[in-house]
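Notes follow the structure.
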Amino acid sequence: MIKISFPDGAQREYAPGTTALDIAKSISEGLARKVLAASVNGQVWDLTRPIYGDAQVKLLTWDQKDAKSTFWHSTAHLMAEAIESLFPGVKFWVGPPVENGFYYDIDLGDKHISEDDLRKLEVKMAELAKQNNAYVRKEVPKAEAISYFKEKGDEYKLDLLQNLEDGNITFYTQGAFTDLCRGPHIPHTGFIKAIKLTNIAGAYWKGDEKNKMLTRVYGVSFPSQKELDEYLQMLEEAKKRDHRKLGKELGIYTMDDDVGQGLILWMPNGTVIIEELEKLAKETEEEAGYHRVVTPHIAKESMYLTSGHLPYYADSMYPPMELEGEKYYLRAMNCPHHHKIFAAEPKSYRDLPYRIAEYGTVYRYEQSGELFGLMRVRCLHMNDAHIYCTREQFEQEFRAVNEMYLKYFKIFGVGKYVMRLSLHSPDKLGKKYVNEPELWKETEAMVRQVLIDSNIPYVEVMDEAAFYGPKIDVQIYSVIGREFTLATNQVDFSQGRSFKLQYATADNQSETPLIIHRAPLGTHERFIGFLLEHYAGKLPVWLAPQQVKILPISDKFMDYALDVQKKLRSARVRVSIDDRNEKIGKKIRDTELLKVPYMLVVGEKEMNEGKIAVRRQGKGDLGAIPVDEFVQVISREITERSSGD
RNA sequence: GCCGUUGUAGCUCAGUGGUAGAGCACUUCCUUGGUAAGGAAGAGGUCGUGAGUUCAAUUCUCAUCAACGGCUCCA
């Protein structure tokens with residue numbers, strides 16, 4: 001007998017060769033109907049795969065991530081079967097599960113899949129699923145696998161096989177479809193009750209843009225129609241908080257073909273948000289000992305040759321304009337300008353750390369297909385600053401920057417983010433990264449140490465560093481799940497030397513400072529895009545473009561409304577009056593939809609008592625209070641930058 | 001940049017080989033109404049842009065621009 005241990009610590013004995021499905025059945029029939037896969041000694045296995053030794057077994061049902069992945073992976077095979085039956089002769093690359101569903105990359109040859117075909121494929125898949133075809137695992141010697149795919153003329157699977165070791169190769173077959181696959185899979189297709197093929201996209205083979213483009217079909221599937229409906233419902237909800245939709249509805253920003261792709265026109269409402277953010281940044285930076293500077297948006301080519309940016313980024317800068325025999329570039333980064341300010345006056349160690357900040361406007365010629373609302377644009381305003389410091393000061397300065405992030409995140413209630421320690425790839429030294437292997441090692445260790453000392457959870461990622469040094473990026477996710485770097489904190493051991501930046505040490509030697517590039521609030525564009533989604537458009541009062549709307553019951557009360565408005569305006573509250581000839585219900589509805597935080601209803605009662613009836617957006621009627629009291633309440637809320645809950 | 005989809009009124013969208021329609025928004029009038037849509041009338045579009053096919057193109061074809069979904073990229 002073999003001993004099976006369960007996550008709760010229980011142990012049971014089974015005959016060797018028993019399967020996880022047998023184990024589930026021995027516990028309860030209900031469980032056996034629900035279980036999709038099993039974790040056996042930490043590895044996800046097919047339920048039907050025999051277990052021959054003692055093992056830790058965890059039965060995985062839909063709620064578990066690994067079970068979902070297995071389920072979607074199996075659905076990808078089912079989709080491939082359907083595609084093969086509707087489009088015979090196509091070739092398959094890989095079909096993995098992803099965050100929300102699965103995809104399969106396909107070489108369609110001269111065939112073509114349309115949106116209509118997706119509906120046909122869904123029908124076919126449902127039909128195949130109903131056959132309850134088992135996913136059958138088969139171990140295959142490498143030579144046999146090779147000859148199988150050679151005979152099929154499938155160069156893609158042959159390519160996959162190249163990197164697989166003999167004895168470690170398995171095929172899975174369900175119905176008429178056989179695929180090279182390491183598994184695992186759900187027991188049979190009958191579990192797949194609801195399928196939605198979501199979109200068709202191109203994807204480079206092996207993710208390399210030099211390679212052929214394959215057709216990728218995305219889909220998602222569920223064990224019941226109800227779950228699919230809920231998922232679709234959730235997508236609808238997510239769309240409502242998409243910053244592109246909210247940006248339009250709330251009059252935040254616009255774009256125009258005559259201006260150009262990726263160039264944001266900030267409307268009055270958006271500009272209010274920008275100015276509030278800048279106010280916050282300026283206060284915070286002043287308190288932290290930064291100086292403000294202002295620098296031009298262009299510079300000569302020679303500066304970007306000095307900085308070393310040009311060889312790396314020429315393609316993603318706007319092409320230069322030539323004037324009097326000189327090439328000028330629109331800047332894509334602020335750092336060189338700032339370095340020139342550092343260099344303008346001789347520095348001593350007493351001047352360090354030298355911190356200079358600017359909401360710097362930069363222009364990046366991002367690939368057209370990359371542009372995305374406010375999140376990825378071609379003209380951006382960076383919450384930029386550069387800190388020039390000694391090696392001894394570095395840790396404290398770097399840590400102070402991290403603390404600044406966290407301070408900001410607290411104000412905005414940002415909880416869902418990942419701190420990413422971005423490191424270089426040693427094999428790309430001299431290409432993507434400056435060729436200073438020792439300095440890379442040293443600074444990466446320094447940055448890691450700061451994270452550890454500050455007790456900040458983080459993930460390490462290779463090949464994500466800047467060309468001049470390692471960095472910490474704060475990754476956030478848009479409502480539709482796309483990942484973006486919101487904030488960044490970077491070490492630079494390279495540009496100080498390129499620009500011959502120096503300071504005099506205490507013993508009068510010349511030393512090159514370390515530089516920290518940092519942008520805790522990222523760019524206005526991305527940060528505001530993020531905030532709109534984060535708050536679903538319901539900005540806290542201090543950020544709201546329109547903080548108060550006064551709603552007179554009828555125009556008899558306009559004079560009183562004007563009095564109230566005057567009081568609020570003198571307290572610097574952004575307020576206006578809905579003076580339309582509409583009923584109060586209509587005024588409330590429209591103001592609610594514009595997500596104005598406070599509505600003040602004024603009518604006969606309020607006028608006689610010197611009060612206003614306060615209504616909070618999304619919360620309804622809060623009752624009447626004296627005007628002066630309201631002014632105090634809202635002023636405090638604004639000054640404290642309260643999130644309002 | 002690549003693959004695919006889309007482009008009609010300020011917004012959301014319907015529609016057609018014979019030069020266009022709805023709802024909301026807007027303007028005017030009636031109504032002066034107490035916590036999420038009061039009523040009526042009116043105005044508004046050379047159907048993204050350019051070319052081609054056709055007696056005739058918003059509709060078909062091609063090109064181009066832009067948006068969207070991915071891929072690649074992201075100082």
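The basis for the numbers below is simple: all heavy atoms, side chains too, and nothing from hydrogens, waters or symmetry mates. Labels below follow one simple rule: chain letters A, B, ... track the order of the sequence lines, proteins then strands, and each chain is numbered from 1. None of the values given here were measured: they were computed from a predicted structure.
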Please pick, from U35(B), G33(B), A36(B), the nucleotide with the shortest atom-to-atom distance to any side-chain atom of I584(A). U35(B)
The side chain of A613(A) lies closest to which of these nucleotides: U35(B), C11(B), A75(B)? U35(B)
Which nucleotide wins on minimum distance to the side chain of N199(A), given the candidates A75(B), G69(B), G33(B)? G69(B)
Whether R482(A) contacts G70(B) is assessed here as follows: a side-chain N or O lying under 4.0 Å from the phosphate OP1 or OP2. Is that the case? yes
From the options G33(B), G70(B), A36(B), select the nucleotide whose nearest atom is closest to the side chain of K583(A). G33(B)
Within the pair Q367(A) and C73(B), is there a side-chain N or O less than 4.0 Å away from OP1 or OP2? no
Minimum-distance nucleotide to A201(A) side chain [options: A75(B), G70(B), U35(B)]: G70(B)
In terms of side-chain heavy atoms of R244(A), which of G34(B), C68(B), G4(B) is nearest? C68(B)
Set out, in order, the CA-CA distance, both residues' side-chain angles and the distance that settles salt bridge (Lys or Arg N to Asp or Glu O under 4.0 Å) for E592(A) and R589(A), then state yes or no. CA-CA 5 Å; E592(A) 284 280 346; R589(A) 178 181 156 81; over 6 Å; no
Scan F467(A) against the nucleic acid and name what it touches under 4.0 Å (heavy atoms): base, sugar-phosphate only, or nothing. nothing
Would you mind telling me which of G33(B), G34(B), G1(B) lies closest to the side-chain atoms of Y204(A)? G1(B)
Any side-chain N or O of K587(A) below 4.0 angstrom from OP1/OP2 of G38(B)? no
Select base, sugar-phosphate, or nothing to describe what S114(A) touches, counting heavy atoms under 4.0 Å on all strands. nothing
Base, sugar-phosphate alone, or nothing: which one does G207(A) contact when heavy atoms must sit under 4.0 Å apart? sugar-phosphate
Would you classify F372(A) as touching base, sugar-phosphate or nothing, given that sugar-phosphate means primed atoms plus P, OP1 and OP2, and contacts are heavy atoms under 4.0 Å? sugar-phosphate
More than 12 heavy atoms of other residues, nucleotides or ligands under 6.0 Å from NZ of K538(A): is that the case? no
Say you draw a straight line from CG of N269(A) to CG of L594(A); how long is it, rounded to the nearest 0.5 Å? 8.5 Å
Is the Y304(A) to Y313(A) ring centre distance short of 6.0 Å? no
Of the nucleotides C74(B), U32(B), C2(B), which one has an atom closest to the side chain of S554(A)? U32(B)
From C-beta outward on Y218(A), which listed nucleotide comes closest to its side chain: U12(B), C71(B), U32(B)? C71(B)
K248(A) side-chain N/O to U12(B) phosphate OP1/OP2 under 4.0 Å: yes
Atom CD of E604(A) to atom C1' of U35(B): distance rounded to whole Å? 17 Å
L593(A) side-chain proximity, nearest of U35(B), G1(B), A36(B): A36(B)
Looking for any heavy atom pair under 4.0 Å, which part of the strands does K206(A) touch: base, sugar-phosphate only, or nothing? nothing
Applying a 3.5 angstrom cut-off to the pairing atoms, does RNA chain B sit in any stems of at least three consecutive Watson-Crick or G-U pairs? List them by first number. B:1-7 with B:65-71, B:10-13 with B:21-24, B:26-30 with B:38-42, B:48-52 with B:60-64
Indicate, yes or no, whether a donor-acceptor pair under 3.5 Å links the base of G69(B) to the side chain of E115(A). no
Using a 4.0 Å heavy-atom cut-off, does D257(A) contact any base of the nucleic acid, only the sugar-phosphate backbone, or nothing at all? sugar-phosphate
With respect to the phosphate group of A75(B), does any side-chain polar atom (N or O) of K471(A) fall under 4.0 Å of OP1 or OP2? yes
